[in-house]
Amino acid sequence: MPPQKIESGHEDVVHDVAMDYYGKRLATSSSDHSIKIIGVGNNTSQHLATLTGHQGPVWQVAWAHPKFGSLLASCSYDSRVIVWREGNQNEWTQEHVFDDHKSSVNSIAWAPHELGLCLACGSSDGNISVFTLRADGGWDTSRIDQAHPLGVTSVSWAPVTAPGALVGSGLLDRVQKLCSGGCDNTVKVWKLNDGLWKLDCFPALQMHTDWVRDVAWAPNLGLPKSTIASASEDGKVIIWTVAKEGEQWEGTVLNDFKAPVWRVSWSLTGNILAVSDGNNNVTLWKEAVDGEWQQVSTVDP
């Protein structure tokens, strides 16, 4: 596909862009307190809806899996998380507002759809909350209190199948794990056991020397290891891997970008990592046969 420039229509900084499951619509969030839904096609884009309801900058947006209907979650500096539902085409309403946090909610992530409709949220109050929709339409809440006491910047779910499990065979023992990054310069891994979230890495993963801005757990598709990418204010992206449950995570520096690194995002197959940095560059990286990471392309701005 040729590059396509899309006018967002926002009146302030755009903080996040998320493409829906089918690649037909974008959701964008901005400091202008709004969310825009934009339809995209072959070299065309069309404004479909503007969602208003937040009272501060909207940091992130996330589409739920379409098996749950047309749902979008958003999180904001106003301490709230809103789940939006599309009823009639392009008509969006606030299905639920979560106001459990005491400070800015910086990151949201839907769990793999096999776990049901389940949303993790990380906040500057240091806590992570996980909201799960019940059959009766209410929401259950579980929390990781003081996950990163100085503030949580990012959350990402593990794939549901354990590393090395054949696709399909691992459905009996679905994994419920999260990773998080924070202002304490660490990455942490959490596992749900009997309804309680417990730290699943000892000690916390410490190689960054400044705030961790983003974490992204790679899809494993039957690969023999778990992989997490973390991006930091210190300019580095670190690739963390562990082969078996209970072993120690190992960290490898992917690259020093000499500028803050804002976001990391895996391809659907988990073999290519996109990195956006403070020099206004987006680069794509791939692991070579020898285990070294190599830049395979630059995305022109």
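Note that these values count all heavy atoms, side chains included, but never hydrogens, waters or copies made by symmetry. Values in this document were obtained by computation on a predicted structure and should not be read as measured data.
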Could you tell me if the side chain of [Y] sits less than 4.5 Å from the side chain of [X], heavy atoms only?
X	Y	result
Val242	Val189	no
Val175	Pro159	no
Trp240	Val215	no
Trp59	Ser107	no
Ile144	Val152	no
Leu205	His208	no
Leu273	Ile239	yes
Glu86	Arg25	yes

Is there a path from [X] to [Y] through hydrophobic residues (I, L, V, M, F, W, Y) whose side chains come within less than 4.5 Å of each other?
X	Y	result
Val155	Ile108	no
Ile82	Val105	no
Leu115	Leu133	no
Val264	Val253	no
Trp84	Leu48	yes

Hey, could you give me the [atom1]/[atom2] distance between [X] and [Y], rounded to the nearest 0.5 Å?
X	Y	atom1	atom2	answer
Asp125	Asp145	CG	CG	8.5 Å
Ser76	Ile35	OG	CD1	8.5 Å
Glu233	Cys183	CD	SG	9.5 Å
Thr283	Asp277	OG1	CG	6.0 Å
Cys179	Lys188	SG	NZ	13.0 Å
Ile128	Gln146	CD1	CD	10.5 Å

Non-hydrogen atoms of [X] and [Y] that approach each other most closely:
X	Y	result
Ser232	Trp211	OG-O, 2.8 Å
Ala49	Asn90	CB-O, 3.8 Å
Thr209	Asp234	N-OD2, 2.9 Å
Gly41	Gln4	O-OE1, 3.3 Å
Ser8	Ile38	CA-CD1, 3.9 Å
Pro57	Ser31	CB-OG, 3.7 Å

Practice task
Determine whether the aromatic ring centres of Phe257 and Trp285 lie less than 6.0 Å apart.
Solution key: yes
Exercise for the section: Please check if the distance between the ring centroids of Trp190 and Trp217 is under 6.0 Å. Expected result: no
Problem - Set of residues satisfying side-chain hydrogen bond (donor to acceptor under 3.5 Å, both in side chains) with respect to Trp92, sequence neighbours excluded - result: none
For the backbone of [Y] and the side chain of [X], can you confirm whether one donor and one acceptor N or O come within less than 3.5 Å of each other?
X	Y	result
Asp16	Val61	yes
Trp157	Ala109	yes
Ser154	Ser180	no
Trp266	Ala216	yes
Ser267	Ile272	yes
Ser276	Trp262	no

Exercise for the section: Could you label the plane-to-plane angle of the Trp139 and His96 rings as parallel, tilted or perpendicular, counting under 30° as parallel and over 60° as perpendicular? Expected result: tilted
Handout entry: Geometric class of the Phe131/Phe98 ring pair [parallel <30°, tilted 30-60°, perpendicular >60°]
Key = parallel
Problem - Criterion side-chain hydrogen bond (donor to acceptor under 3.5 Å, both in side chains) against His101, the qualifying member of Ser124, Ser79, Ser129 - result: Ser129
Exercise for the section: Evaluate whether atom CZ of Phe68 has more than 12 neighbouring non-hydrogen atoms of other residues, nucleotides or ligands under 6.0 angstrom away. Expected result: yes
Exercise for the section: Verify the neighbour count for atom NZ of Lys24: are there more than 12 heavy atoms of other residues, nucleotides or ligands below 6.0 Å? Expected result: no
Is [X] salt-bridged to [Y], going by a charged N under 4.0 Å from an acidic O?
X	Y	answer
Lys177	Glu245	yes
Asp136	Arg134	yes
Asp200	Lys198	no

Exercise for the section: Please identify each residue that fulfils side-chain contact (heavy atoms from CB on, under 4.5 Å) with Asp290, with sequence neighbours left out. Expected result: Ala288, Glu292
Practice task
Report the C-alpha distance between Asp100 and Arg143 in whole Å, list the side-chain angles of each, state the deciding distance to 0.1 Å, and finish with yes or no for side-chain contact (heavy atoms from CB on, under 4.5 Å).
Solution key: CA-CA 10 Å; Asp100 300 51; Arg143 293 165 63 100; 4.2 Å; yes
Problem - Verdict with reasoning, Arg213 to Val261, per side-chain contact (heavy atoms from CB on, under 4.5 Å) - result: CA-CA 7 Å; Arg213 285 286 180 188; Val261 188; over 6 Å; no
Problem - Derivation and outcome, side-chain contact (heavy atoms from CB on, under 4.5 Å), residues Trp110 and His65 - result: CA-CA 8 Å; Trp110 291 105; His65 190 278; over 6 Å; no
[X]-[Y] side chain donor-acceptor pair, cut-off 3.5 Å:
X	Y	value
Thr227	Asn220	no
Asp32	Ser34	yes
Thr52	His33	no

Handout entry: Stepwise side-chain contact (heavy atoms from CB on, under 4.5 Å) test for Val187 and Trp249
Key = CA-CA 11 Å; Val187 174; Trp249 289 81; over 6 Å; no
Handout entry: With Asp99 via salt bridge (Lys or Arg N to Asp or Glu O under 4.0 Å) - residues at least two apart
Key = none
